[in-house]
Amino acid sequence: MTTRRVGRLPDDLTSFVGRRGAITQVKRLVSTSRLVTLTGVAGVGKSRLATRVARDMRRAFPDGIWLVELGRVLPGDDLARVLVTSLGLRDRSDLPPEAALAELLADKRMLILLDGCEHLLDACGPLVADLLATAPELRFLATSRSPLALVAERVWPVSPMVMPRVDRDGRVLQRATGYEALELFADRASAVLPGFAIGPANEALVVRLCRQLDGLPLAIELAAVWMRSLSVEEILDRLRDRYRLLTLGDRSGLPHHRTLRAAVEWSFDLCSPTEQAVWARLSVFVGGFELDAAEAVCVGDGVTVEDVFIGVAGLVEKSVLVKEDQHDTRTRYRLLKTIQEYGRERLGGGTKELALRRRHRDHFLLLAEHVDAEWLGPHQVEWLTRLRQDRSNLRTALDFCRVEPGEGHDGLRMAAALRFFWAAGGSLREGRYWLDEMLRTVPEPDQQRARALAANGLVSAMQGDTEAARALLTEARDAARRAESGTVLALTAHITGLVDLLRNANEAATSRLAEALERREMLQHDGVALLSLPNLALLAIFRGDCERAVELCEQCQEICEEHGELWGRSWAELILGMARWRQGDFPDALAHLHECLRIKQLFNDGPGILMAIEVEAWVSAAQGRVARAARLSSAVAHLWRPLGRYLFGLEHYLGWHADADARIRNALPTAELRAARSRGAEYTMDELIRFARGERPPAPSEDAPVRLTPREREVAQLVAQGLSNRQIAEQLVISKRTSDSHIEHILAKLDATSRAQIAVWVAEQP
């Protein structure tokens with residue numbers, strides 16, 4: 001006998017993909033709250049998620065689960081009468097619709113799914129509140145681009161689908177399998193192109209496509225339909241006009257669910273005129289913005305500061321703007337690409353859009369120059385974090401200056417003002433690109449060009465291109481003399497000293513830096529000049545004068561302490577650690593190196609982090625901790641490859657590295673050396689930092705215990721008994737090379753560095 005289905009909830013016509021965590025959490029909310037509203041941007045999948053949750057909860061509601069689709073209901077319609085009809089209730093003509101509905105539902109234990117409330121908020125809110133008060137067993141699950149704003153309401157924001165992370169160059173950082181956005185694309189694409197699957201050949205392209213579509217299910221489904229006639233790469237190429245491409249939706253659906261444009265236009269039409277104007281103006285931002293930036297850019301031509309504030313708040317409420325979760329107190333907002341492109345359409349180009357883009361550039365130019373002026377102070381990490389968050393806006397502003405006639409000079413100012421972002425923020429390659437571009441755009445030899453040439457000399461030198469740096473600095477000096485800019489002229493002396501150091505011209509570097517430091521006042525005002533103190537200290541170590549090196553680093557520390565400065569201090573800590581190592585004071589050397597590492601982590605300064613760990617490898621080798629030294633040194637060599645010249649190409653560094661390497665090779669058995677180096681080469685930057693600082697790696701889960709093969713367990717037990725590799729080979733009747741290989745694998749699997757650790761592991765086994 002079959003059980004009669006109570007309610008009205010249509011079956012899915014396509015498979016439901018992903019959202020496993022969301023389903024669980026929304027079901028939990030519905031079980032504890034009488035009104036749950038799913039909010040989110042157009043096309044994010046609110047309706048499908050709500051329907052799936054409702055279907056899973058059928059047994060909890062004996063009077064049924066009823067879907068009420070509000071998309072076709074007009075604001076002037078009688079909502080109570082719509083519910084009476086949709087719920088299959090007997091119409092009571094002797095009572096007003098609201099009273100009749102309340103009476104009919106008073107004893108019902110049911111879940112009503114109100115789908116698409118955003119255009120009926122004024123009617124939905126009061127009606128739902130009245131029904132919750134008169135029907136104690138009644139519950140509502142609503143979908144809306146804005147909350148209903150009731151006290152009893154629990155709001156659940158539906159996010160875009162999860163996607164793999166990519167690096168700055170678009171390379172996938174994680175395997176793409178298991179990500180719901182890609183699962184959805186594969187499912188829908190295979191429906192129109194049987195046999196389609198995501199694999200190594202197309203994985204990166206599908207990830208790029210899903211990211212371009214913001215992980216929005218509607219957009220992904222509409223794109224997948226095109227797999228009938230286009231490849232993934234061809235779909236990507238045509239996404240420049242996504243609103244023309246993504247139009248082949250389900251003809252049986254509501255009009256504003258059939259195409260991407262219709263879904264977004266529905267949201268736009270629900271906004272007030274002020275919100276519409278602010279939406280369009282915010283489209284000049286890329287990758288997010290803060291409220292002060294929105295006010296600086298959007299105010300004008302009839303839009304006031306208060307309009308921007310109210311508009312931003314309203315757009316967040318309507319799920320048009322995404323309010324990003326921040327760990328600090330500065331709130332950031334973001335338009336998804338799909339929403340941004342629609343806003344850009346509404347701007348319409350012309351002089352108004354040009355004025356907005358110019359105000360956008362002006363805001364970020366002022367930010368860059370403010371950071372440059374305030375760099376030698378206590379807020380370096382905060383400034384760098386803010387610039388990283390606005391990286392896309394900075395690029396957009398620089399690109400505007402490059403392509404728009406007459407704007408190149410401001411682009412040159414901006415690229416030069418961002419010198420610490422390029423140098424301290426790990427963006428040397430990008431900095432070199434923008435400085436080269438802007439210097440080509442503005443050839444006039446004025447003070448701004450001199451500053452940009454000097455900044456480019458610094459960036460090129462840190463990249464390892466010392467010959468290009470020398471040419472740039474020669475031109476910078478000529479331009480500074482013509483412009484009579486003593487400040488830039490003095491700065492070029494400091495950078496030239498660094499260039500001489502990096503090209504191993506140590507006498508010239510010592511002379512140049514000593515001369516530059518005669519203008520002591522610059523050390524109190526310019527972060528690049530301050531670096532000359534630890535650079536000169538390093539040259540003193542090269543000469544064997546460690547006492548002088550310590551003195552110079554302590555001078556640098558005093559200035560840093562006075563200003564609350566950290567980046568220059570991190571280099572001073574590195575050189576102090578090196579000096580103490582050369583003096584044989586290993587504990588003090590490690591203390592300075594770990595302090596350097598702590599600060600460098602705040603800046604995400606890759607070369608600085610690796611240099612500190614390399615020196616720690618030298619210290620460990622001198623202490624006899626050769627397995628540790630082998631791991632550290634191997635990891636540094638592996639992670640330095642994409643950064644340019646190994647150990648900055650400094651001959652003394654390379655010589656000290658070779659000395660430590662020889663000590664390691666002489667002290668470690670071959671198998672242990674190979675295992676240590678193999679393990680070190682596997683470290684990520686985070687894992688290496690944890691290892692260098694002596695922090696334990698995350699404990700393995702019980703589901704993933706260390707697994708040795710039966711032969712490896714046998715070898716491990718013989719190691720625990722104290723047998724040598726050759727004795728193990730003789731006992732097991734295998735070659736010594738095979739014995740060495742087994743021990744190498746055991747060390748790697750146990751994350752161990754010595755035979756003693758293998759013996760401890762054996763003793764701990766049940």
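Quick caveat: nothing in here was measured; it's all calculated off a predicted structure. Hydrogens, waters and symmetry mates are skipped; everything else that's a heavy atom, side chains included, is used. Numbers for residues simply follow the sequence, beginning at 1.
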Within 6.0 angstrom of [X] [atom1], more than 12 heavy atoms from elsewhere:
{"X": "Arg482", "atom1": "CZ", "value": "no"}
{"X": "Arg693", "atom1": "CZ", "value": "yes"}
{"X": "Glu521", "atom1": "CD", "value": "yes"}
{"X": "Glu562", "atom1": "CD", "value": "yes"}
{"X": "Arg674", "atom1": "CZ", "value": "no"}

Residues [X] and [Y]: side-chain donor-acceptor under 3.5 angstrom:
{"X": "Glu616", "Y": "His594", "value": "yes"}
{"X": "His379", "Y": "Glu374", "value": "no"}
{"X": "Arg388", "Y": "Ser427", "value": "no"}
{"X": "Arg520", "Y": "Gln555", "value": "yes"}
{"X": "Asn725", "Y": "His742", "value": "no"}
{"X": "Arg432", "Y": "Gln463", "value": "yes"}
{"X": "Gln389", "Y": "Arg386", "value": "no"}
{"X": "Trp571", "Y": "Asn535", "value": "no"}

Check your understanding: Please walk me through it: do His360 and Phe285 pass ring-ring contact (aromatic ring centres under 6.0 Å, His included)?
Key -> CA-CA 8 Å; His360 175 273; Phe285 289 98; 5.3 Å; yes
[X] bridged to [Y] by N-O distance under 4.0 Å:
{"X": "Glu475", "Y": "Arg449", "answer": "yes"}
{"X": "Arg413", "Y": "Asp410", "answer": "yes"}
{"X": "Asp465", "Y": "Arg503", "answer": "no"}
{"X": "Asp686", "Y": "Arg690", "answer": "no"}
{"X": "Asp526", "Y": "Arg419", "answer": "yes"}
{"X": "Glu682", "Y": "Arg679", "answer": "yes"}
{"X": "Glu430", "Y": "Arg395", "answer": "yes"}

On a heavy-atom basis, which atom in [X] and which in [Y] lie closest, and how many Å separate them?
{"X": "Ala493", "Y": "Arg512", "value": "O-CG, 3.2 Å"}
{"X": "Leu513", "Y": "Ser532", "value": "CD2-OG, 3.4 Å"}
{"X": "Ala424", "Y": "Leu384", "value": "O-CD2, 3.9 Å"}
{"X": "Asn393", "Y": "Val286", "value": "OD1-N, 2.8 Å"}
{"X": "Ala417", "Y": "Glu369", "value": "CB-CG, 3.8 Å"}
{"X": "Ala490", "Y": "Met522", "value": "CB-SD, 3.3 Å"}

Side-chain contact test, heavy atoms from C-beta onward, threshold under 4.5 Å: evaluate it for [X] versus [Y] and give yes or no.
{"X": "Leu593", "Y": "Arg580", "result": "no"}
{"X": "Pro378", "Y": "Glu565", "result": "no"}
{"X": "Arg548", "Y": "Ile541", "result": "no"}
{"X": "Leu632", "Y": "Ser620", "result": "yes"}
{"X": "Tyr653", "Y": "Leu538", "result": "yes"}
{"X": "Leu418", "Y": "Leu394", "result": "yes"}
{"X": "Phe420", "Y": "Trp567", "result": "yes"}
{"X": "Leu533", "Y": "Glu554", "result": "no"}

Review point. Among all residues two or more places apart in sequence or in another chain, which pass the salt bridge (Lys or Arg N to Asp or Glu O under 4.0 Å) test with Glu437?
Key: Arg402, Arg440
Review point. Quick check, are the ring centers of Phe648 and Trp640 under 6.0 angstrom apart?
Key: yes
Side-chain donor/acceptor of [X] to backbone N/O of [Y], under 3.5 Å:
{"X": "Asn666", "Y": "Ala662", "answer": "yes"}
{"X": "Ser634", "Y": "Arg677", "answer": "yes"}
{"X": "Glu515", "Y": "Glu518", "answer": "no"}
{"X": "Asn504", "Y": "Glu651", "answer": "yes"}
{"X": "Glu324", "Y": "Thr331", "answer": "no"}
{"X": "Arg628", "Y": "Ala692", "answer": "yes"}
{"X": "Ser633", "Y": "Ala629", "answer": "no"}
{"X": "Ser460", "Y": "Gly457", "answer": "no"}
{"X": "Glu687", "Y": "Thr684", "answer": "yes"}
{"X": "Thr474", "Y": "Arg470", "answer": "yes"}

How long is the span from the [atom1] atom in [X] to the [atom2] atom in [Y], to the nearest 0.5 Å?
{"X": "Phe364", "Y": "Leu387", "atom1": "CZ", "atom2": "CG", "value": "9.5 Å"}
{"X": "Glu382", "Y": "Leu602", "atom1": "CD", "atom2": "CG", "value": "9.5 Å"}
{"X": "Leu435", "Y": "Leu458", "atom1": "CG", "atom2": "CG", "value": "9.5 Å"}
{"X": "Phe400", "Y": "Arg361", "atom1": "CZ", "atom2": "CZ", "value": "5.5 Å"}
{"X": "Asp390", "Y": "Phe421", "atom1": "CG", "atom2": "CZ", "value": "9.0 Å"}
{"X": "Ile689", "Y": "Ile613", "atom1": "CD1", "atom2": "CD1", "value": "5.5 Å"}

Practice item. Could you tell me how the ring of His652 sits relative to the ring of Phe542: parallel (under 30°), tilted (30 to 60°) or perpendicular (over 60°)? Key: parallel
Practice item. Establish, yes or no, whether the cationic atom of Arg631 lies under 6.0 Å from the six-membered ring centre of Phe691 and within 45° of the ring axis. Key: yes
**Study point:** Stepwise ring-ring contact (aromatic ring centres under 6.0 Å, His included) test for Trp618 and Phe586
**Key:** CA-CA 10 Å; Trp618 304 343; Phe586 301 145; over 10 Å; no
Exercise for review: Carefully, step by step, assess Arg569 and Glu595 under the rule salt bridge (Lys or Arg N to Asp or Glu O under 4.0 Å).
Suggested key: CA-CA 10 Å; Arg569 181 184 154 196; Glu595 178 62 9; 2.6 Å; yes
Check your understanding: Which is it for Glu573 and Arg598 under the salt bridge (Lys or Arg N to Asp or Glu O under 4.0 Å) test, yes or no, and what are the steps along the way?
Key -> CA-CA 10 Å; Glu573 293 287 349; Arg598 183 189 70 79; over 6 Å; no
